[in-house]
Amino acid sequence: LTLAPATLRQKIRDRIDSTKSGMVRNIPFFKDIQDKLLTNLASMFKLINYEKSSIIFQEGDRGTEFYVIMEGECLVTSMNDAREESLLATLKAGDFFGDLALLRQSKRTATIKCKTFCRLLVLKASEFTRFLSIAPELKQKINAHVQQISRESVLGSPGYLEQGESGNSLIGVDIDA
């Protein structure tokens, strides 16, 4: 990319930024924020590629990042009582995970592994905390989201399903305890 002409590099950056903004806009608790704030937030996400079979994080790791799948599929697994790995969900492009890590940096209760090559958007909790200083109204939405997941987790649900504006089901799996 560094050998490409400056105009081409800028077009590529603009295309990536637009795609990141669109992916972030599809997350239920970010869908209503102003365009300028959304652009600012989307710029905080880093694009990271993971090879097939890569482990994003393991059960028991400290949760400090939020992920959105741009491309590929991830497996969500957890150790059951018999100490065997149990498949909880398969996540695909548009799905997200680690959302509770945005507010509380707790231990992960599941392992996320790439089923295929994956391109993920990654937001560090520290970056999100910095963002909340310029958009404090968003913290209420996130708190409501966290409470919803906590209620469902108590009821025995490993996660939740929501309909996105495009009609796709968005899966958030409660992988942070």
Side-chain angles (χ1 to χ4, degrees), residues 1 9-50 54 56-57 61-74 76 89 91-110 112 114 117-153 159-177:
L1 187 62
R9 287 193 312 262
Q10 187 58 49
K11 283 182 180 182
I12 292 169
R13 274 191 223 101
D14 291 346
R15 173 81 173 162
I16 291 170
D17 289 345
S18 174
T19 301
K20 284 168 57 173
S21 292
M23 297 290 290
V24 172
R25 173 73 72 200
N26 284 331
I27 298 167
F29 46 90
F30 295 145
K31 71 178 180 182
D32 296 326
I33 66 174
Q34 299 169 357
D35 289 342
K36 185 176 178 179
L37 288 175
L38 181 78
T39 300
N40 188 342
L41 176 62
S43 73
M44 295 177 177
F45 281 83
K46 302 300 178 220
L47 184 60
I48 301 178
N49 295 328
Y50 291 88
S54 295
I56 309 297
F57 55 75
D61 288 352
R62 175 93 27 225
T64 59
E65 296 169 322
F66 171 65
Y67 302 84
V68 180
I69 302 173
M70 287 188 70
E71 178 183 330
E73 291 185 355
C74 293
V76 182
L91 307 177
K92 61 186 181 338
D95 292 337
F96 56 91
F97 54 93
D99 30 334
L100 298 183
L102 292 177
L103 292 181
R104 55 180 198 197
Q105 296 162 17
S106 54
K107 289 186 178 182
R108 307 285 191 182
T109 60
I112 303 289
C114 297
F117 167 83
C118 290
R119 182 166 285 132
L120 305 179
L121 292 176
V122 182
L123 177 65
K124 292 186 177 294
S126 58
E127 288 287 310
F128 186 67
T129 300
R130 187 170 60 85
F131 176 75
L132 287 179
S133 69
I134 61 170
E137 68 281 0
L138 187 57
K139 190 166 187 171
Q140 258 185 316
K141 283 187 177 197
I142 299 294
N143 279 330
H145 173 73
V146 168
Q147 288 174 354
Q148 173 190 351
I149 291 174
S150 296
R151 271 192 309 276
E152 290 172 358
S153 188
Y160 57 92
L161 294 171
E162 295 185 29
Q163 280 302 114
E165 287 182 21
S166 64
N168 295 333
S169 292
L170 301 173
I171 301 174
V173 177
D174 186 9
I175 54 178
D176 304 308

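Being a predicted model, the structure only gives us computed values, none of them experimental. For the numbers below, each heavy atom of this structure counts, side chains included, while hydrogens, waters and symmetry mates do not.
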- Stepwise side-chain contact (heavy atoms from CB on, under 4.5 Å) test for Leu37 and Phe131: CA-CA 9 Å; Leu37 288 175; Phe131 176 75; 4.1 Å; yes
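- Ring geometry for Phe97 against Tyr67 counts as parallel: the plane angle stays under 30°, on a 0 to 90° scale with 60° as the upper cut.
- Applying the salt bridge (charged side-chain N to carboxylate O under 4.0 Å, His left out) test to Arg130 and every residue at least two apart in sequence or in another chain returns Glu127.
- Smallest separation of non-hydrogen atoms from Ile33 and Leu41: CD1-CD2, 4.1 Å.
- Residues satisfying the side chain to side chain contact (heavy atoms under 4.5 Å, CB included) criterion with Ser54, sequence neighbours excluded, are Tyr50, Glu51, Cys114.
- The structure places CD1 of Ile112 at 7.5 Å from CD1 of Ile69, a figure rounded to the nearest 0.5 Å.
- Between Phe30 and Phe128, the two ring planes are tilted [angle within 30° to 60°].
- Nearest heavy atom pair, residue Ala93 against residue Met70, reads CB-O, 3.5 Å.
- Nearest heavy-atom pair, Ala110 versus Phe57, reported as atom, atom and distance to 0.1 Å: O-CE1, 3.6 Å.
- Taken from SG in Cys74 to CZ in Phe96, the straight-line distance is 13.5 Å, to the nearest 0.5 Å.
- Shown here are the side chain to side chain donor-acceptor pair (under 3.5 Å) partners of Asp61, two or more places apart in sequence or in another chain: there are none.
- Here the straight-line distance linking atom CD of Glu65 with atom CZ of Arg108 works out to 7.5 Å at 0.5 Å rounding.
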- Could you give me the CA-CA distance, side-chain angles and deciding distance for Leu120 and Val68, then say whether side-chain contact (heavy atoms from CB on, under 4.5 Å) is met? CA-CA 6 Å; Leu120 305 179; Val68 180; over 6 Å; no
- Task: Could you please spell out the steps behind the side-chain contact (heavy atoms from CB on, under 4.5 Å) verdict for Val76 and Leu91?
- Result: CA-CA 8 Å; Val76 182; Leu91 307 177; 3.6 Å; yes
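- Atom CG in Asp99 sits 5.5 Å away from atom CZ in Phe66 (nearest 0.5 Å).
- One finds the SG atom of Cys118 at 8.0 Å from the CD atom of Glu73 (value rounded to the nearest 0.5 Å).
- A donor-acceptor pair under 3.5 Å links the side-chain atoms of Asp95 to the main chain of Lys92, judged by distance alone.
- For the side-chain hydrogen bond (donor to acceptor under 3.5 Å, both in side chains) condition, the pairs that include at least one residue of residues 33-44, sequence neighbours left out, are Arg25-Asp35.
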